[in-house]
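Heads up: the structure comes next, in C-alpha coordinates.
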Protein chains: 4
Amino acid sequence: MSLRFDITPGSPQPIYEQIEGQIRRWIATGTLKEGDQLPSVRALAEQLTVNPNTVARAYSELTAEGLVASHAGRGVFIAARRQIYSEEERLRRLSCAMKRFFDETAFLDIPLAEILRRLEEAGTDYFTHSPKP
Amino acid sequence: MSLRFDITPGSPQPIYEQIEGQIRRWIATGTLKEGDQLPSVRALAEQLTVNPNTVARAYSELTAEGLVASHAGRGVFIAARRQIYSEEERLRRLSCAMKRFFDETAFLDIPLAEILRRLEEAGTDYFTHSPKP
Amino acid sequence: MSLRFDITPGSPQPIYEQIEGQIRRWIATGTLKEGDQLPSVRALAEQLTVNPNTVARAYSELTAEGLVASHAGRGVFIAARRQIYSEEERLRRLSCAMKRFFDETAFLDIPLAEILRRLEEAGTDYFTHSPKP
Amino acid sequence: MSLRFDITPGSPQPIYEQIEGQIRRWIATGTLKEGDQLPSVRALAEQLTVNPNTVARAYSELTAEGLVASHAGRGVFIAARRQIYSEEERLRRLSCAMKRFFDETAFLDIPLAEILRRLEEAGTDYFTHSPKP
DNA sequence: GTGGTCTAGACCACA
DNA sequence: GTGGTCTAGACCACG
(Lines give C-alpha, C1' and ligand atoms only; values in the text may rest on other atoms or scores of the structure.)
Protein backbone atom coordinates (compact mmCIF):
# COMPACT_ATOMS: atom_id res chain seq x y z
CA MET A 1 0.00 0.00 0.00
CA SER A 2 1.41 3.35 -0.89
CA LEU A 3 1.03 6.37 1.39
CA ARG A 4 -1.12 9.16 0.03
CA PHE A 5 1.07 12.23 0.15
CA ASP A 6 -0.46 15.56 -0.62
CA ILE A 7 2.26 17.76 -2.11
CA THR A 8 1.77 21.29 -3.36
CA PRO A 9 4.76 22.13 -5.48
CA GLY A 10 5.45 25.80 -5.35
CA SER A 11 3.83 26.54 -2.05
CA PRO A 12 5.87 28.84 0.16
CA GLN A 13 6.64 25.72 2.20
CA PRO A 14 9.40 23.71 0.55
CA ILE A 15 8.51 20.28 -0.75
CA TYR A 16 10.88 18.45 1.57
CA GLU A 17 9.17 20.10 4.54
CA GLN A 18 5.77 19.06 3.24
CA ILE A 19 6.96 15.47 3.03
CA GLU A 20 8.47 15.66 6.50
CA GLY A 21 5.37 17.25 7.95
CA GLN A 22 3.07 14.53 6.66
CA ILE A 23 5.27 11.73 7.91
CA ARG A 24 5.58 13.44 11.30
CA ARG A 25 1.86 13.76 11.49
CA TRP A 26 1.25 10.12 10.56
CA ILE A 27 3.68 9.11 13.28
CA ALA A 28 2.10 11.47 15.81
CA THR A 29 -1.40 10.18 15.04
CA GLY A 30 -0.45 6.51 15.00
CA THR A 31 -1.04 6.00 11.30
CA LEU A 32 2.58 4.97 11.02
CA LYS A 33 3.94 2.75 13.78
CA GLU A 34 7.34 1.59 14.87
CA GLY A 35 8.81 -0.77 12.34
CA ASP A 36 6.65 0.35 9.41
CA GLN A 37 8.64 0.77 6.24
CA LEU A 38 8.63 4.00 4.26
CA PRO A 39 8.73 3.97 0.45
CA SER A 40 12.24 4.06 -0.99
CA VAL A 41 13.67 7.42 -1.91
CA ARG A 42 13.51 6.63 -5.61
CA ALA A 43 10.01 5.18 -5.44
CA LEU A 44 8.60 8.14 -3.53
CA ALA A 45 10.40 10.61 -5.78
CA GLU A 46 8.82 8.97 -8.79
CA GLN A 47 5.39 8.78 -7.15
CA LEU A 48 5.47 12.50 -6.30
CA THR A 49 7.35 13.44 -9.47
CA VAL A 50 9.92 15.36 -7.50
CA ASN A 51 13.67 15.21 -7.43
CA PRO A 52 15.06 12.26 -5.44
CA ASN A 53 17.29 14.71 -3.58
CA THR A 54 14.15 16.32 -2.22
CA VAL A 55 12.86 13.06 -0.75
CA ALA A 56 16.32 12.18 0.51
CA ARG A 57 16.51 15.45 2.36
CA ALA A 58 13.17 14.87 4.08
CA TYR A 59 14.22 11.36 5.16
CA SER A 60 17.58 12.64 6.28
CA GLU A 61 16.07 15.26 8.57
CA LEU A 62 13.62 12.79 10.04
CA THR A 63 16.53 10.47 10.67
CA ALA A 64 18.47 13.24 12.38
CA GLU A 65 15.50 13.77 14.69
CA GLY A 66 15.32 10.08 15.46
CA LEU A 67 11.83 9.59 14.06
CA VAL A 68 12.92 7.15 11.38
CA ALA A 69 15.99 5.00 10.90
CA SER A 70 17.50 3.93 7.63
CA HIS A 71 19.09 0.53 7.22
CA ALA A 72 21.44 0.54 4.27
CA GLY A 73 20.26 -1.74 1.51
CA ARG A 74 16.97 -2.52 3.23
CA GLY A 75 15.06 0.70 3.46
CA VAL A 76 13.83 3.37 5.84
CA PHE A 77 11.71 2.44 8.84
CA ILE A 78 9.79 4.19 11.57
CA ALA A 79 11.94 4.21 14.68
CA ALA A 80 10.97 3.49 18.23
CA ARG A 81 9.45 6.56 19.72
CA ARG A 82 11.95 8.62 21.60
CA GLN A 83 12.47 12.27 22.20
CA ILE A 84 15.94 13.56 21.39
CA TYR A 85 15.39 16.97 22.87
CA SER A 86 15.66 17.75 26.54
CA GLU A 87 12.71 19.19 28.39
CA GLU A 88 14.53 22.50 28.43
CA GLU A 89 15.23 22.41 24.70
CA ARG A 90 11.61 21.57 23.93
CA LEU A 91 10.33 24.46 25.99
CA ARG A 92 12.89 26.75 24.39
CA ARG A 93 11.67 25.73 20.95
CA LEU A 94 8.07 26.18 21.95
CA SER A 95 8.89 29.60 23.28
CA CYS A 96 10.65 30.66 20.07
CA ALA A 97 7.75 29.42 17.97
CA MET A 98 5.26 31.33 20.12
CA LYS A 99 7.29 34.51 19.92
CA ARG A 100 7.49 34.25 16.18
CA PHE A 101 3.80 33.46 15.92
CA PHE A 102 2.83 36.60 17.81
CA ASP A 103 5.29 38.69 15.83
CA GLU A 104 3.57 37.50 12.67
CA THR A 105 0.04 38.07 13.86
CA ALA A 106 0.07 40.91 16.37
CA PHE A 107 -0.37 43.59 13.74
CA LEU A 108 -3.40 41.95 12.14
CA ASP A 109 -5.81 43.58 14.59
CA ILE A 110 -7.37 40.23 15.46
CA PRO A 111 -8.29 39.98 19.15
CA LEU A 112 -6.15 37.58 21.19
CA ALA A 113 -9.25 35.66 22.24
CA GLU A 114 -10.17 35.00 18.63
CA ILE A 115 -6.64 33.96 17.77
CA LEU A 116 -6.63 31.50 20.66
CA ARG A 117 -10.04 30.14 19.67
CA ARG A 118 -8.87 29.56 16.10
CA LEU A 119 -5.62 28.03 17.32
CA GLU A 120 -7.45 25.53 19.48
CA GLU A 121 -9.68 24.61 16.57
CA ALA A 122 -6.76 24.34 14.16
CA GLY A 123 -4.66 22.43 16.67
CA THR A 124 -7.35 19.87 17.35
CA ASP A 125 -7.83 19.53 13.65
CA TYR A 126 -4.11 19.23 13.07
CA PHE A 127 -3.74 16.28 15.41
CA THR A 128 -6.88 14.36 14.54
CA HIS A 129 -7.73 14.98 10.92
CA SER A 130 -4.34 13.77 9.90
CA PRO A 131 -4.26 13.47 6.12
CA LYS A 132 -5.20 9.97 5.09
CA PRO A 133 -2.25 7.67 4.41
CA MET B 1 17.82 56.50 24.24
CA SER B 2 18.43 53.68 21.82
CA LEU B 3 16.09 50.73 21.29
CA ARG B 4 17.40 47.39 22.51
CA PHE B 5 17.30 45.14 19.51
CA ASP B 6 18.09 41.48 19.97
CA ILE B 7 19.55 40.12 16.73
CA THR B 8 20.83 36.61 16.11
CA PRO B 9 22.86 36.56 12.90
CA GLY B 10 22.90 33.17 11.22
CA SER B 11 19.52 32.19 12.59
CA PRO B 12 17.15 30.60 10.06
CA GLN B 13 15.09 33.78 10.37
CA PRO B 14 16.77 36.48 8.30
CA ILE B 15 18.14 39.52 10.06
CA TYR B 16 15.79 41.94 8.34
CA GLU B 17 12.82 39.89 9.56
CA GLN B 18 14.17 39.91 13.11
CA ILE B 19 14.40 43.69 12.96
CA GLU B 20 10.91 43.93 11.49
CA GLY B 21 9.50 41.59 14.11
CA GLN B 22 10.83 43.58 17.02
CA ILE B 23 9.62 46.89 15.66
CA ARG B 24 6.21 45.33 14.96
CA ARG B 25 6.08 44.11 18.53
CA TRP B 26 7.03 47.49 19.95
CA ILE B 27 4.30 49.07 17.86
CA ALA B 28 1.75 46.41 18.83
CA THR B 29 2.54 46.82 22.51
CA GLY B 30 2.60 50.58 22.50
CA THR B 31 6.28 50.89 23.28
CA LEU B 32 6.57 52.78 20.01
CA LYS B 33 3.82 55.27 19.30
CA GLU B 34 2.71 57.28 16.29
CA GLY B 35 5.27 59.93 15.50
CA ASP B 36 8.16 58.28 17.30
CA GLN B 37 11.34 58.33 15.28
CA LEU B 38 13.26 55.15 14.55
CA PRO B 39 17.06 55.14 14.56
CA SER B 40 18.54 56.11 11.22
CA VAL B 41 19.38 53.32 8.81
CA ARG B 42 23.07 53.95 9.20
CA ALA B 43 22.96 54.32 12.98
CA LEU B 44 21.01 51.10 13.50
CA ALA B 45 23.24 49.28 11.04
CA GLU B 46 26.24 50.33 13.05
CA GLN B 47 24.58 49.50 16.38
CA LEU B 48 23.73 45.99 15.18
CA THR B 49 26.90 45.64 13.12
CA VAL B 50 24.96 44.70 10.01
CA ASN B 51 24.95 46.23 6.56
CA PRO B 52 22.83 49.39 6.15
CA ASN B 53 20.97 47.70 3.29
CA THR B 54 19.73 45.06 5.70
CA VAL B 55 18.22 47.67 7.96
CA ALA B 56 16.90 49.55 4.93
CA ARG B 57 15.10 46.43 3.79
CA ALA B 58 13.39 45.98 7.14
CA TYR B 59 12.31 49.64 7.14
CA SER B 60 11.18 49.38 3.54
CA GLU B 61 8.91 46.42 4.26
CA LEU B 62 7.43 48.10 7.30
CA THR B 63 6.81 51.14 5.11
CA ALA B 64 5.05 49.02 2.49
CA GLU B 65 2.80 47.67 5.24
CA GLY B 66 1.98 51.18 6.38
CA LEU B 67 3.39 50.70 9.88
CA VAL B 68 6.08 53.35 9.47
CA ALA B 69 6.62 56.23 7.08
CA SER B 70 9.96 57.48 5.86
CA HIS B 71 10.64 61.11 5.14
CA ALA B 72 13.60 61.71 2.91
CA GLY B 73 16.24 63.69 4.68
CA ARG B 74 14.48 63.51 8.04
CA GLY B 75 14.17 59.94 9.09
CA VAL B 76 11.72 57.10 9.61
CA PHE B 77 8.72 57.52 11.90
CA ILE B 78 5.97 55.36 13.33
CA ALA B 79 2.86 55.94 11.21
CA ALA B 80 -0.71 56.41 12.30
CA ARG B 81 -2.29 53.04 12.87
CA ARG B 82 -4.26 51.75 9.93
CA GLN B 83 -5.03 48.35 8.56
CA ILE B 84 -4.17 47.92 4.89
CA TYR B 85 -5.17 44.28 4.56
CA SER B 86 -8.61 42.95 3.75
CA GLU B 87 -10.39 40.73 6.27
CA GLU B 88 -9.76 37.78 3.98
CA GLU B 89 -6.05 38.51 3.73
CA ARG B 90 -5.73 38.90 7.48
CA LEU B 91 -7.36 35.52 8.09
CA ARG B 92 -5.18 33.98 5.39
CA ARG B 93 -2.09 35.31 7.14
CA LEU B 94 -3.31 34.09 10.52
CA SER B 95 -3.94 30.68 9.02
CA CYS B 96 -0.43 30.49 7.53
CA ALA B 97 1.10 31.52 10.84
CA MET B 98 -0.90 28.86 12.71
CA LYS B 99 0.10 26.12 10.28
CA ARG B 100 3.73 27.11 10.60
CA PHE B 101 3.44 27.21 14.37
CA PHE B 102 2.07 23.67 14.56
CA ASP B 103 4.66 22.39 12.13
CA GLU B 104 7.31 23.80 14.43
CA THR B 105 5.86 22.41 17.64
CA ALA B 106 3.88 19.27 16.83
CA PHE B 107 6.84 16.94 17.22
CA LEU B 108 7.81 18.23 20.65
CA ASP B 109 5.51 15.81 22.48
CA ILE B 110 3.90 18.64 24.36
CA PRO B 111 0.16 18.08 24.77
CA LEU B 112 -2.03 20.45 22.77
CA ALA B 113 -3.73 21.58 25.95
CA GLU B 114 -0.43 22.65 27.45
CA ILE B 115 0.59 24.43 24.26
CA LEU B 116 -2.66 26.35 24.27
CA ARG B 117 -2.30 27.21 27.93
CA ARG B 118 1.20 28.53 27.38
CA LEU B 119 0.10 30.41 24.28
CA GLU B 120 -2.65 32.18 26.18
CA GLU B 121 -0.20 33.12 28.89
CA ALA B 122 2.44 34.23 26.38
CA GLY B 123 -0.13 36.15 24.34
CA THR B 124 -1.42 38.02 27.34
CA ASP B 125 2.13 38.71 28.35
CA TYR B 126 3.06 39.78 24.83
CA PHE B 127 0.52 42.56 24.78
CA THR B 128 1.12 43.83 28.30
CA HIS B 129 4.72 43.18 29.35
CA SER B 130 6.22 44.69 26.26
CA PRO B 131 9.95 43.95 26.12
CA LYS B 132 11.96 46.86 27.37
CA PRO B 133 13.12 49.05 24.55
CA MET C 1 9.07 33.67 -26.13
CA SER C 2 10.42 36.51 -24.04
CA LEU C 3 8.32 39.37 -22.71
CA ARG C 4 9.01 42.75 -24.29
CA PHE C 5 9.89 45.03 -21.43
CA ASP C 6 10.35 48.70 -22.09
CA ILE C 7 12.81 50.13 -19.57
CA THR C 8 14.11 53.68 -19.40
CA PRO C 9 17.14 53.79 -17.12
CA GLY C 10 17.65 57.17 -15.51
CA SER C 11 13.98 58.04 -15.61
CA PRO C 12 12.59 59.58 -12.41
CA GLN C 13 10.66 56.34 -12.00
CA PRO C 14 13.03 53.69 -10.66
CA ILE C 15 13.80 50.70 -12.83
CA TYR C 16 12.28 48.23 -10.40
CA GLU C 17 9.01 50.16 -10.51
CA GLN C 18 9.04 50.17 -14.28
CA ILE C 19 9.43 46.40 -14.28
CA GLU C 20 6.69 46.04 -11.68
CA GLY C 21 4.35 48.32 -13.61
CA GLN C 22 4.65 46.38 -16.81
CA ILE C 23 4.10 43.03 -15.14
CA ARG C 24 1.11 44.46 -13.28
CA ARG C 25 -0.31 45.66 -16.57
CA TRP C 26 0.19 42.31 -18.26
CA ILE C 27 -1.58 40.64 -15.36
CA ALA C 28 -4.39 43.20 -15.36
CA THR C 29 -4.93 42.80 -19.08
CA GLY C 30 -4.75 39.04 -19.11
CA THR C 31 -1.55 38.88 -21.14
CA LEU C 32 -0.08 37.00 -18.20
CA LYS C 33 -2.34 34.44 -16.58
CA GLU C 34 -2.27 32.40 -13.41
CA GLY C 35 0.48 29.83 -13.55
CA ASP C 36 2.51 31.58 -16.24
CA GLN C 37 6.20 31.65 -15.46
CA LEU C 38 8.15 34.89 -15.42
CA PRO C 39 11.68 35.03 -16.77
CA SER C 40 14.28 34.12 -14.16
CA VAL C 41 15.82 36.94 -12.18
CA ARG C 42 19.16 36.41 -13.86
CA ALA C 43 17.74 36.05 -17.36
CA LEU C 44 15.63 39.19 -17.13
CA ALA C 45 18.52 41.10 -15.58
CA GLU C 46 20.67 40.14 -18.54
CA GLN C 47 17.93 40.91 -21.06
CA LEU C 48 17.44 44.40 -19.61
CA THR C 49 21.12 44.85 -18.79
CA VAL C 50 20.36 45.74 -15.20
CA ASN C 51 21.60 44.22 -11.99
CA PRO C 52 19.87 41.01 -10.87
CA ASN C 53 19.07 42.65 -7.53
CA THR C 54 16.99 45.23 -9.34
CA VAL C 55 14.85 42.55 -10.95
CA ALA C 56 14.74 40.65 -7.66
CA ARG C 57 13.35 43.70 -5.94
CA ALA C 58 10.57 44.07 -8.48
CA TYR C 59 9.68 40.39 -8.14
CA SER C 60 9.88 40.64 -4.36
CA GLU C 61 7.41 43.52 -4.21
CA LEU C 62 5.00 41.78 -6.57
CA THR C 63 5.30 38.72 -4.32
CA ALA C 64 4.50 40.79 -1.24
CA GLU C 65 1.39 42.07 -3.02
CA GLY C 66 0.34 38.54 -3.81
CA LEU C 67 0.40 39.04 -7.59
CA VAL C 68 3.14 36.48 -8.17
CA ALA C 69 4.57 33.62 -6.13
CA SER C 70 8.16 32.48 -6.16
CA HIS C 71 9.17 28.89 -5.74
CA ALA C 72 12.75 28.37 -4.70
CA GLY C 73 14.68 26.50 -7.30
CA ARG C 74 11.84 26.58 -9.81
CA GLY C 75 11.05 30.14 -10.68
CA VAL C 76 8.50 32.90 -10.27
CA PHE C 77 4.91 32.38 -11.38
CA ILE C 78 1.75 34.45 -11.73
CA ALA C 79 -0.40 33.77 -8.67
CA ALA C 80 -4.11 33.17 -8.45
CA ARG C 81 -5.91 36.46 -8.43
CA ARG C 82 -6.73 37.72 -4.98
CA GLN C 83 -7.05 41.10 -3.39
CA ILE C 84 -4.98 41.60 -0.27
CA TYR C 85 -5.92 45.20 0.40
CA SER C 86 -8.91 46.40 2.36
CA GLU C 87 -11.55 48.53 0.66
CA GLU C 88 -10.26 51.52 2.58
CA GLU C 89 -6.68 50.93 1.51
CA ARG C 90 -7.69 50.55 -2.13
CA LEU C 91 -9.56 53.84 -2.10
CA ARG C 92 -6.63 55.50 -0.34
CA ARG C 93 -4.32 54.27 -3.07
CA LEU C 94 -6.69 55.40 -5.79
CA SER C 95 -6.90 58.78 -4.17
CA CYS C 96 -3.12 59.16 -4.00
CA ALA C 97 -2.79 58.16 -7.63
CA MET C 98 -5.42 60.70 -8.69
CA LYS C 99 -3.77 63.50 -6.74
CA ARG C 100 -0.45 62.66 -8.29
CA PHE C 101 -2.01 62.50 -11.73
CA PHE C 102 -3.52 65.98 -11.45
CA ASP C 103 -0.31 67.41 -10.07
CA GLU C 104 1.44 66.07 -13.14
CA THR C 105 -1.08 67.35 -15.63
CA ALA C 106 -2.79 70.43 -14.21
CA PHE C 107 -0.25 72.86 -15.58
CA LEU C 108 -0.47 71.54 -19.13
CA ASP C 109 -3.38 73.86 -20.04
CA ILE C 110 -5.43 70.95 -21.24
CA PRO C 111 -9.10 71.35 -20.33
CA LEU C 112 -10.36 68.91 -17.71
CA ALA C 113 -13.01 67.67 -20.11
CA GLU C 114 -10.39 66.71 -22.65
CA ILE C 115 -8.23 65.04 -20.02
CA LEU C 116 -11.18 62.98 -18.90
CA ARG C 117 -12.11 62.10 -22.46
CA ARG C 118 -8.58 60.92 -23.17
CA LEU C 119 -8.45 59.03 -19.89
CA GLU C 120 -11.60 57.14 -20.71
CA GLU C 121 -10.20 56.28 -24.10
CA ALA C 122 -6.82 55.29 -22.67
CA GLY C 123 -8.44 53.30 -19.88
CA THR C 124 -10.60 51.33 -22.25
CA ASP C 125 -7.59 50.79 -24.43
CA TYR C 126 -5.47 49.79 -21.45
CA PHE C 127 -7.74 46.93 -20.53
CA THR C 128 -8.29 45.64 -24.03
CA HIS C 129 -5.32 46.46 -26.27
CA SER C 130 -2.79 45.10 -23.84
CA PRO C 131 0.72 45.95 -25.01
CA LYS C 132 2.25 43.05 -26.86
CA PRO C 133 4.42 40.96 -24.59
CA MET D 1 -1.84 89.11 3.22
CA SER D 2 0.02 85.89 3.48
CA LEU D 3 -0.87 82.82 1.43
CA ARG D 4 -2.22 79.89 3.38
CA PHE D 5 -0.02 76.99 2.46
CA ASP D 6 -0.97 73.54 3.63
CA ILE D 7 2.22 71.54 4.07
CA THR D 8 2.44 68.00 5.34
CA PRO D 9 6.03 67.36 6.30
CA GLY D 10 6.94 63.74 5.84
CA SER D 11 4.32 62.89 3.31
CA PRO D 12 5.59 60.73 0.49
CA GLN D 13 5.41 63.89 -1.62
CA PRO D 14 8.44 66.10 -0.93
CA ILE D 15 7.79 69.47 0.64
CA TYR D 16 9.11 71.45 -2.31
CA GLU D 17 6.60 69.66 -4.55
CA GLN D 18 3.78 70.47 -2.16
CA ILE D 19 4.72 74.14 -2.30
CA GLU D 20 4.97 74.04 -6.07
CA GLY D 21 1.67 72.24 -6.41
CA GLN D 22 -0.21 74.80 -4.38
CA ILE D 23 1.23 77.73 -6.23
CA ARG D 24 0.48 76.04 -9.56
CA ARG D 25 -3.07 75.51 -8.45
CA TRP D 26 -3.53 79.09 -7.33
CA ILE D 27 -2.25 80.23 -10.70
CA ALA D 28 -4.44 77.76 -12.57
CA THR D 29 -7.54 78.84 -10.64
CA GLY D 30 -6.83 82.55 -10.87
CA THR D 31 -6.19 83.05 -7.18
CA LEU D 32 -2.76 84.30 -8.13
CA LYS D 33 -2.57 86.60 -11.15
CA GLU D 34 0.16 87.98 -13.32
CA GLY D 35 2.26 90.42 -11.37
CA ASP D 36 1.30 89.18 -7.91
CA GLN D 37 4.26 88.91 -5.61
CA LEU D 38 5.14 85.69 -3.81
CA PRO D 39 6.53 85.75 -0.27
CA SER D 40 10.30 85.91 -0.10
CA VAL D 41 12.17 82.65 0.20
CA ARG D 42 13.24 83.45 3.74
CA ALA D 43 9.80 84.64 4.82
CA LEU D 44 8.01 81.60 3.45
CA ALA D 45 10.61 79.26 4.90
CA GLU D 46 10.05 80.81 8.30
CA GLN D 47 6.27 80.76 7.91
CA LEU D 48 6.31 77.04 7.04
CA THR D 49 9.21 76.25 9.37
CA VAL D 50 11.08 74.52 6.60
CA ASN D 51 14.57 74.93 5.27
CA PRO D 52 15.00 77.96 2.96
CA ASN D 53 16.61 75.66 0.41
CA THR D 54 13.31 73.83 0.18
CA VAL D 55 11.37 76.98 -0.71
CA ALA D 56 14.14 78.09 -3.06
CA ARG D 57 13.89 74.83 -4.91
CA ALA D 58 10.13 75.16 -5.37
CA TYR D 59 10.52 78.72 -6.70
CA SER D 60 13.38 77.63 -8.92
CA GLU D 61 11.35 74.91 -10.58
CA LEU D 62 8.38 77.22 -11.08
CA THR D 63 10.75 79.73 -12.65
CA ALA D 64 12.13 77.05 -14.97
CA GLU D 65 8.59 76.32 -16.14
CA GLY D 66 7.96 80.02 -16.74
CA LEU D 67 5.13 80.29 -14.21
CA VAL D 68 6.95 82.83 -12.02
CA ALA D 69 9.85 85.16 -12.57
CA SER D 70 12.31 86.34 -9.99
CA HIS D 71 13.74 89.82 -10.07
CA ALA D 72 16.93 89.98 -8.10
CA GLY D 73 16.62 92.20 -5.07
CA ARG D 74 12.90 92.75 -5.55
CA GLY D 75 11.24 89.41 -5.18
CA VAL D 76 9.44 86.67 -7.06
CA PHE D 77 6.37 87.45 -9.14
CA ILE D 78 3.73 85.56 -11.06
CA ALA D 79 4.70 85.69 -14.73
CA ALA D 80 2.53 86.35 -17.71
CA ARG D 81 0.78 83.20 -18.65
CA ARG D 82 2.60 81.30 -21.33
CA GLN D 83 3.04 77.69 -22.15
CA ILE D 84 6.62 76.61 -22.61
CA TYR D 85 5.78 73.14 -23.81
CA SER D 86 4.81 72.32 -27.36
CA GLU D 87 1.47 70.72 -28.08
CA GLU D 88 3.33 67.51 -28.75
CA GLU D 89 5.24 67.67 -25.48
CA ARG D 90 2.07 68.38 -23.52
CA LEU D 91 0.31 65.39 -25.01
CA ARG D 92 3.37 63.23 -24.39
CA ARG D 93 3.36 64.24 -20.74
CA LEU D 94 -0.34 63.62 -20.45
CA SER D 95 0.13 60.22 -22.00
CA CYS D 96 2.92 59.28 -19.58
CA ALA D 97 0.88 60.42 -16.62
CA MET D 98 -2.11 58.39 -17.79
CA LYS D 99 0.00 55.27 -18.30
CA ARG D 100 1.47 55.60 -14.86
CA PHE D 101 -1.92 56.24 -13.34
CA PHE D 102 -3.37 53.05 -14.79
CA ASP D 103 -0.28 51.06 -13.79
CA GLU D 104 -0.84 52.24 -10.22
CA THR D 105 -4.54 51.51 -10.10
CA ALA D 106 -5.27 48.65 -12.50
CA PHE D 107 -4.65 45.98 -9.89
CA LEU D 108 -7.00 47.52 -7.33
CA ASP D 109 -10.04 45.75 -8.77
CA ILE D 110 -11.95 49.01 -9.05
CA PRO D 111 -14.10 49.16 -12.20
CA LEU D 112 -12.91 51.62 -14.84
CA ALA D 113 -16.26 53.39 -14.75
CA GLU D 114 -15.91 54.07 -11.04
CA ILE D 115 -12.34 55.24 -11.46
CA LEU D 116 -13.44 57.69 -14.16
CA ARG D 117 -16.35 58.89 -12.05
CA ARG D 118 -14.07 59.57 -9.11
CA LEU D 119 -11.51 61.22 -11.38
CA GLU D 120 -14.09 63.61 -12.77
CA GLU D 121 -15.21 64.48 -9.28
CA ALA D 122 -11.65 64.90 -8.03
CA GLY D 123 -10.64 66.88 -11.10
CA THR D 124 -13.52 69.28 -10.80
CA ASP D 125 -12.71 69.67 -7.17
CA TYR D 126 -9.05 70.15 -7.93
CA PHE D 127 -9.65 73.09 -10.23
CA THR D 128 -12.39 74.86 -8.32
CA HIS D 129 -11.98 74.19 -4.61
CA SER D 130 -8.46 75.44 -4.81
CA PRO D 131 -7.09 75.70 -1.29
CA LYS D 132 -7.80 79.16 0.03
CA PRO D 133 -4.89 81.51 -0.23
C1' DG E 1 22.84 64.67 7.91
C1' DT E 2 18.68 61.61 6.11
C1' DG E 3 16.63 57.67 3.06
C1' DG E 4 16.42 55.55 -1.83
C1' DT E 5 18.41 53.40 -5.94
C1' DC E 6 21.58 50.66 -8.20
C1' DT E 7 25.70 47.86 -8.95
C1' DA E 8 28.84 43.96 -7.99
C1' DG E 9 29.57 39.89 -6.11
C1' DA E 10 29.52 36.25 -2.26
C1' DC E 11 27.06 32.55 -0.18
C1' DC E 12 23.10 29.69 0.91
C1' DA E 13 18.68 26.99 0.25
C1' DC E 14 15.86 24.50 -2.96
C1' DA E 15 15.03 21.19 -6.75
C1' DG F 1 19.72 25.71 -12.61
C1' DT F 2 16.36 28.63 -9.49
C1' DG F 3 15.39 32.54 -5.87
C1' DG F 4 16.86 34.67 -1.20
C1' DT F 5 20.09 36.92 1.99
C1' DC F 6 23.75 39.78 2.95
C1' DT F 7 27.79 42.71 2.24
C1' DA F 8 30.26 46.71 0.26
C1' DG F 9 30.21 50.77 -1.78
C1' DA F 10 28.69 54.43 -5.31
C1' DC F 11 25.51 57.98 -6.41
C1' DC F 12 21.34 60.71 -6.00
C1' DA F 13 17.34 63.28 -3.77
C1' DC F 14 15.82 65.74 0.26
C1' DG F 15 16.35 69.20 3.90
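Below, chains carry the letters A, B, ... as their sequence lines are ordered, and counting in each starts from 1. Keep in mind that the numbers below use all heavy atoms, side chains included, and drop hydrogens, waters and symmetry copies. The structure displayed is predicted, hence computed values, not measured ones.
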Only pairs at least two apart or in different chains count here, so list each ring pair (Phe, Tyr, Trp, His ring centres under 6.0 Å) that has a residue in residues 46-68 of chain B. none
Rounded to whole angstroms, how far apart are CZ on B:Phe77 and C1' on F:dC14? 13 Å
Test salt bridge (Lys or Arg N to Asp or Glu O under 4.0 Å) applied to D:Glu65 - qualifying residues, sequence neighbours left out: D:Arg24
So D:Leu38 and D:Leu3, do their side chains get closer than 4.5 Å, heavy atoms only? yes
Applying salt bridge (charged side-chain N to carboxylate O under 4.0 Å, His left out) as the test, list every pair that has at least one member in residues 49-63 of chain D; sequence neighbours left out. D:Arg57-D:Glu61
Throw together a table of side-chain donor-acceptor distances under 3.5 angstrom for residues 67-77 of chain C, partners on residues two or more places apart or in other chains.
| unit_1 | atom_1 | unit_2 | atom_2 | d |
| --- | --- | --- | --- | --- |
| C:His71 | ND1 | A:Gly10 | O | 2.6 |
| C:His71 | NE2 | A:Gly10 | O | 2.9 |

Dot-bracket, 5' to 3', for DNA chain F please: Watson-Crick or G-U pairs under 3.5 Å, [ ] where pairs cross earlier ones, | where the partner sits on another strand, dots elsewhere. ||||||||||||||.
Where along nucleotides 2-10 of chain E does protein come under 4.0 Å, by heavy atom, of base (B) or sugar-phosphate alone (S), with - for untouched nucleotides? BBSSBBBB-
Taking only residues two or more places apart in sequence or in another chain, which ones pass ring pair (Phe, Tyr, Trp, His ring centres under 6.0 Å) with B:Tyr16? none
List for me each residue that meets ring pair (Phe, Tyr, Trp, His ring centres under 6.0 Å) alongside C:Phe101, sequence neighbours excluded, and say none if there are none. D:Phe101
For B:Phe102, all residues meeting ring pair (Phe, Tyr, Trp, His ring centres under 6.0 Å), sequence neighbours excluded: A:Tyr126
